[in-house]
Amino acid sequence: MSAFFLHQRPIHNPFSFSGPNPLLSRRSSSSSSRPFTPTAFLLLLSLLIILGVFLPWADMPDFLFSSNSNTSSQYSKWRDYTLAQAASFVAKNGTVIVCAVSHPYLPFLNNWLISIARQKHQDKVLVIAEDYATLFKVNQRWPGHAVLVPPAPDSQTAHKFGSQGFFNFTSRRPRHLLHILELGYNVMYNDVDMVWLADPFPYLQGSHDVYFTDDMAAVKPLNHSHDLPPPGKKGRPYICSCMIFLRPTSGAKLVMKKWIEELQSQPWSKAKKANDQPGFNWALNKTAGEVDLYLLPQAAFPTGGLYFKNKTWVQETKGMHVIIHNNYITGFEKKIKRFHDFGLWLVDDHALESPLGRL
């Protein structure tokens, strides 16, 4: 189904009449006894076929059908809405929580939002929509909380991990974050295949420039170092680019600029199906001596390769978990099933807790 087949509205059927059929009236006026002709029959059949083709478009958003000037102005308003305006609208205590979403991930967005609402931080969320369907849908339900930074990538390919579309989608991330930092805000970035179990902000201790999580599944001691881990076999660490907190400091801005440079120097190709995470790790590695970096505690922010696969560790650290990331697995259905299996798929029974309601 198309990305726009979301908001259901009744459509007036222009071919439904309460009186005599006008298609036959002209003929009946000339000869009231003339039988129903083959031409009229074919015309009616054509109209029925046309209705059969276009009736599914009944779920298209209102702005595509409505002639109401207010609806049109709202459509124009959100197209012209800027990142600076959006950040100013949602920021609370100088902080913005950001995610980037294309239409296929709307169910995950709603699941993530439910978990954030339970921690009372939903009002500072800004959804960076990566297609216009998402922009209008979110702002229709939750005005002002979505913005699109043009140009919009191809939403049909952006969700497939390893594709050029996915690379184009994720490589926009450091530019968005840098822009928000330059506006003077603290910014937390989350992927939407995450669930908050507790409030993460108490863990953002001190005044470090960049906070991040380790993506390695190897168990660390509870009192592990908060320094950037040493480089691995590929010459860089293995930090996750999906949960980041940044303060609007020169250090954080330097990391974002270096991340952008790394992505430009290592573009996607069929031979090397890159994504944004290696570039983030190279950026951290190359700026470590200039920037105040902070590794968040593993027990609170475990990677999916640990939380979903090491039952012993989960039991040993029960009550310590803060944000769970559903990574180390690809595919919508597989991610949803795993969330279901662990009691973390919330949208089926708790959709009304989301600011978006039931999508």
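The structure presented is a predicted model; accordingly, all values stated were derived computationally and were not measured.
Salt bridge Arg338/Asp193: absent, no basic N to carboxylate O contact under 4.0 Å.
With hydrogens and angles ignored, the 3.5 Å screen pairs a side-chain donor or acceptor of Tyr81 with a backbone N or O of Gly144. His145 contributes no side-chain N or O that, together with a main-chain N or O of Val127, makes up a donor-acceptor pair within less than 3.5 Å. His350 places no side-chain N or O within donor-acceptor distance of the main-chain N or O of Ile114, the cut-off being under 3.5 Å. Here the side chain of Asn139 pairs a donor or acceptor atom with the backbone of Ala146 at under 3.5 angstrom. In this structure a side-chain-to-backbone donor-acceptor pair under 3.5 Å is missing from Asp292 to Asp209. Between the side chain of Arg172 and the backbone N or O of Glu130 there is no donor-acceptor pair closer than 3.5 Å. In this structure, the side chain of Thr134 engages the main chain of His103 through a donor-acceptor pair within 3.5 Å. Side chain of Asp199 to main chain of Gln119: no donor-acceptor pair is present (N/O by atom type, distance under 3.5 Å, no hydrogens or angles). Remark: the backbone N or O of Leu346 is paired with a side-chain donor or acceptor of Asn111 at under 3.5 angstrom.
Inspection of the Asp215 and Thr303 side chains reveals an N or O donor paired with an N or O acceptor under 3.5 Å. Asp191 and Tyr189 are linked by a side-chain donor-acceptor pair at a separation below 3.5 angstrom, with hydrogens and angles left out of the test.
A cation-pi geometry, defined here as NZ or CZ lying under 6.0 Å from the six-membered ring centre and within 45° of its normal, does not hold between Lys92 and Phe201.
Here the NZ-CD1 distance, from Lys335 to Ile329, works out to 7.0 Å after rounding to the nearest 0.5 Å. The CD1 atom of Ile324 lies 9.5 Å from the CZ atom of Phe301; values are rounded to the nearest 0.5 Å. Between the CD1 atom of Ile97 and the NE2 atom of His121 there is a distance of 6.5 Å, given to the nearest 0.5 Å. To the nearest 0.5 Å, the span separating CG on Leu83 from CG on Leu148 amounts to 10.5 Å.
Taking the six-membered ring where tryptophan is involved, the planes of His208 and Tyr211 are perpendicular, since the angle between them exceeds 60° and thus also 30°. Using the six-membered ring where Trp is involved, Phe108 and Phe332 have ring planes that are tilted, between 30° and 60° apart. Note: Tyr75 and Phe136 have tilted aromatic rings, judged against thresholds of 30 and 60 degrees for the angle between ring planes.
Residues that satisfy the salt bridge (Lys or Arg N to Asp or Glu O under 4.0 Å) test with Arg236, not counting sequence neighbours, are absent from this structure. Applying the ring pair (Phe, Tyr, Trp, His ring centres under 6.0 Å) rule to Phe339 yields no partners; only residues at least two apart in sequence or on another chain are considered. Under the side-chain contact (heavy atoms from CB on, under 4.5 Å) criterion, Thr82 pairs with Ala84, Gln85, sequence neighbours left out. When the side-chain contact (heavy atoms from CB on, under 4.5 Å) test is applied to Ala300, the partners found at least two apart in sequence or on another chain are Tyr203, Pro297, Val322. By the side-chain contact (heavy atoms from CB on, under 4.5 Å) test, Met194 is found to be paired with Trp112, Asn190, Cys242, Met243, Ile323, His325, residues two or more places apart in sequence or in another chain being considered.
Nearest heavy-atom pair across Met216 and Tyr328 is CA-OH, 4.0 Å. Minimum heavy-atom separation, Pro237 to Leu228: CG-CD1, 4.0 Å.
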One pair to check against side chain to side chain contact (heavy atoms under 4.5 Å, CB included): Trp313 and Gln298. What are the steps and the verdict?
CA-CA 11 Å; Trp313 179 87; Gln298 183 186 55; 4.3 Å; yes
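Within 6.0 Å of CZ in Arg118 there are more than 12 heavy atoms belonging to other residues, nucleotides or ligands. For Asn93, the CG atom counts as loosely surrounded, since its 6.0 Å shell holds 12 or fewer non-hydrogen atoms of other residues, nucleotides or ligands.
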Please report, to 0.1 Å, the donor-acceptor pairs under 3.5 Å made by any side chain of residues 278-291, with sequence neighbours excluded.
unit_1, atom_1, unit_2, atom_2, d
Asn281, OD1, Tyr238, N, 3.3
Asn281, OD1, Ile239, N, 2.5
Asn281, ND2, Ile239, O, 2.9
Asn281, ND2, Gln277, O, 3.0
Asn285, ND2, Gly235, O, 3.3
Lys286, NZ, Glu262, OE2, 2.7
Thr287, OG1, Ala283, O, 2.7

